[in-house]
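Here the structure comes first, spelled out in structure tokens, and everything after it is commentary.
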Amino acid sequence: MRKLVALPVLSADALSSVAYGPEALLAVLVLAGTAGLGYVFPVSGAIVLLILVVGLSYRQTIRAYPHGGGSYIVAGDNLGPVAGLVAAAGLMTDYVLTVAVSIASGVAAVTSAIPGLASVTVPLGLGVIALLLAGNLRGVRQAGVLFAAPTYAFIIAMFLLIIIGLTQGFGEGFTPRPGDPAVTATEGVGLLLIMRAFSSGATAMTGIEAISNAVPAFRPVAWRQARTTLSWMTGLLIAMFAGIIVLAHVADVVPSGQETVLSQLAHLSFGSGWLYVFVQAATAAVLLLAANTAYNDFPRVLSLLARDEFAPRMFMRLGDRLAYSNGIILLSLAAALVFVAFDGQTTALIPLYAVGVFLAFTLSQCGMVVHWWNKRSPNWRRSMAFNALGALLSFLVFITAGISKFTSGAWVAILAVGLFLLLTLRIHRHYSSVRAGLRLRPDTAPAPQRTATGAPENEEREELPDDVHHLVLVALATLDLAGLRALAYAASLGQPVLALHIGLTEEEAQRSRAYWTAWGDHVPLEIVVSPYRATVAPLVHYVQALHQQHPGLTLTVVLPEIVTRHRRYQLLHNRTAPRLRRALRPLPKVVITAVPFHV
């Protein structure tokens, strides 16, 4: 990509956070009334400094990882696999919340312009998630002008709003507008309030790492192009964030439950004309695009985890449209669950956001400090200093968000990270155990009692053909053409064959024995009476008993199965064969063969 295309495509998540970051900051400070709002500039200044430092830090990451350096890769390479998993947990939480928060904020932009839709906020948001799911499963990709237009429209809308709004404010001498509601304090100004405001406003930084993840997508020289694009993104983000904060302060605008801060500012500057509609439409469009960026990054990180055996291998599989379909579906379900659980309210979702974002930032920057220390490349001290400062500030935000917003919902994100770490480690241990169990060994080697990875004592071993001793067991419900075909197949294998029939009553058992004798009694028949009309459990118990009596025996269970020409009729027939397959599959040294009979 050229820089002009890469900037809007990769910066949509970061730049769109201006739609909710400043409002999240003001929503906390306004709780302390006018006294709380007096701290808006110091807190905003600290956030601007944080954006600048983290942006410079990721410039160093781009130089060190010219092939793409996401938090999972950087932390895993330099701090170890557990740190990489924790960073991945933060990233995954971030991507799920990116979808939920972006859609919640986008819907809020729509309902601010059309208040009549406020009652259907949750259905609207779920509809958008469904559209993103369908589009991405069909292979929608970020490309060219189609995806660049909403971001550039948003940038233009924000600068128009800031410039015209500040010009009007200076012209009016910063006088309060008539009819503005009085700001009533419900909390006192304290350190905890300031910390909460800082961590809430810092959500304006979400997505700032996207460019460092996608360095190979740039034209040559890719890392130079990526660093330039990151610098432009950082400058635009700072300018828009600071401009919105100053404009809201000048216009005496505070968050309202009925209308977003951006909508209030646009109404004050443009009335209800077409410029107001342009601002709201651009905001909704860029937030939708920001949600879509998570659909590219979440499945990709999940595929990396699956490649390293920390996630199910199904997430490495590409769908027909060359998209990671399983990861896309998982992201949609998780985002929909979070969106519904928090009633689609941006203010309720924000406390969860900062924890995962800054946990990933912290570990990535700490990994870069170790990277520069180990490599000692030219200018490594300056690069390490930038990354160390970025790590320190990111860690302070992470701790601040975790403490100040713990009871407001941050505990959910912390719990999700912990559960993610536990789950991925268990998955990795399972794959290691399976790999040890499947590893080839000399035929003469004794069976190991227990491997270093915790493989069970009854671990199956490789066998030579002469070691396999067969008994073919044919499960028969009735003596019909399907059963005879199964018997013929079993006899053709040239191994001992035993027929097994589960009789539901003594009378039926005697009748089946008579049929068998009339047929010619070519194969030994065993009849088990099941007075409770169960068929699966008695057959499974019989196979288990045979295996206990002859543990060296390999049992091939042959099941006749009726297959209808039209699938719609399949449900009209007994589904005993599939149930038996599921029940017998866990048993050792049991081979299950279904012989279809088409009708």
Side-chain angles (χ1 to χ4, degrees), residues 433-434 436-451 454-479 482-504 506 508-510 512-513 515-517 519-561 576-596:
S433 176
V434 170
L438 295 175
R439 187 178 298 120
L440 292 175
R441 291 179 293 272
D443 296 329
T444 56
Q449 295 300 312
R450 181 172 291 275
T451 65
E457 292 184 9
N458 60 347
E459 179 183 12
E460 296 192 26
R461 302 179 60 208
E462 63 271 23
E463 294 174 320
L464 295 174
D466 293 340
D467 297 332
V468 180
H469 304 288
H470 281 285
L471 173 63
V472 182
L473 183 67
V474 182
L476 291 175
T478 57
L479 190 60
L484 289 178
R485 174 169 292 182
L487 285 167
Y489 173 80
S492 70
L493 298 177
Q495 301 295 331
V497 178
L498 172 66
L500 176 65
H501 172 70
I502 307 297
L504 302 181
E506 288 288 351
E508 184 193 344
Q510 294 175 5
S512 297
R513 175 67 69 181
Y515 291 158
W516 193 260
T517 303
W519 174 62
D521 200 9
H522 301 288
V523 175
L525 173 67
E526 183 76 24
I527 296 179
V528 177
V529 178
S530 176
Y532 298 105
R533 308 190 67 81
T535 56
V536 175
L539 191 145
V540 173
H541 293 159
Y542 188 89
V543 172
Q544 286 177 328
L546 274 179
H547 186 265
Q548 289 173 0
Q549 293 175 10
H550 306 282
L553 204 60
T554 296
L555 295 174
T556 299
V557 181
V558 178
L559 305 172
E561 182 176 11
T576 304
R579 291 168 55 206
L580 285 173
R581 279 200 299 269
R582 289 193 295 270
L584 293 173
R585 192 177 293 120
L587 301 180
K589 302 198 75 169
V590 174
V591 180
I592 303 131
T593 300
V595 179

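Any value given below was found using the heavy atoms of this structure, including those in side chains, with hydrogens, waters and symmetry copies removed. Here the structure is a predicted model, which is why all the values come from computation and not from measurement.
For residues 534-552, the set of pairs meeting the salt bridge (Lys or Arg N to Asp or Glu O under 4.0 Å) definition, not counting sequence neighbours, is empty.
For the atom pair CD1 of Ile502 and CD of Glu526, the computed distance is 9.0 Å after rounding to the nearest 0.5 Å. Between atom CG of residue Leu493 and atom NE2 of residue His470 there is a gap of 8.0 Å, rounded to the nearest 0.5 Å.
Shown here for Leu559 and Ala475, the closest heavy-atom pair between the two residues is CD2-CB, 3.7 Å. When every heavy atom of Pro538 is checked against every heavy atom of Ser530, the shortest pair comes out as CG-OG, 3.7 Å. The two residues Leu471 and Pro496 make their nearest non-hydrogen contact at CD1-O, 3.6 Å. Across all their heavy atoms, Arg485 and Val595 have their closest contact at CG-CG1, 3.7 Å. The two atoms that bring Ala583 and Val540 nearest to each other are CB-CG2, 3.7 Å, heavy atoms only.
With sequence neighbours left out, the side-chain contact (heavy atoms from CB on, under 4.5 Å) criterion links Pro524 to Leu498. Residues satisfying the side-chain hydrogen bond (donor to acceptor under 3.5 Å, both in side chains) test with Ser512, not counting sequence neighbours, are His501. Shown here are the side-chain contact (heavy atoms from CB on, under 4.5 Å) partners of Ala490, two or more places apart in sequence or in another chain: Val472, Val474, Val497, Val558. His541 pairs by the side-chain contact (heavy atoms from CB on, under 4.5 Å) definition with Ala537, Gln544, not counting sequence neighbours. Scanning for side-chain contact (heavy atoms from CB on, under 4.5 Å) contacts around Ala488 gives an empty result, with sequence neighbours left out.
For Tyr542, the OH atom counts as densely surrounded, since its 6.0 Å shell holds more than 12 non-hydrogen atoms of other residues, nucleotides or ligands.
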Dump the intermediate steps for side chain to side chain contact (heavy atoms under 4.5 Å, CB included) on Leu487 and Trp519, then the final yes or no.
-> CA-CA 12 Å; Leu487 285 167; Trp519 174 62; 4.0 Å; yes

Kindly determine whether Leu555 and Lys589 satisfy side chain to side chain contact (heavy atoms under 4.5 Å, CB included), including the steps that lead there.
-> CA-CA 6 Å; Leu555 295 174; Lys589 302 198 75 169; over 6 Å; no

Apply the test side chain to side chain contact (heavy atoms under 4.5 Å, CB included) to residues Val529 and Glu506: give CA-CA distance (whole Å), side-chain angles for both, the deciding distance (0.1 Å), then the verdict.
-> CA-CA 7 Å; Val529 178; Glu506 288 288 351; 3.9 Å; yes

Take Thr556 and Leu473, measure what side chain to side chain contact (heavy atoms under 4.5 Å, CB included) needs, and give me the verdict at the end.
-> CA-CA 6 Å; Thr556 299; Leu473 183 67; over 6 Å; no

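With hydrogens and angles ignored, the 3.5 Å screen pairs no side-chain donor or acceptor of Trp516 with any backbone N or O of Leu479.
Between Thr593 and Val557, the closest side-chain pair of non-hydrogen atoms is not below 4.5 Å. Side-chain contact between Val528 and Leu500 is present, with at least one heavy-atom pair separated by less than 4.5 Å.
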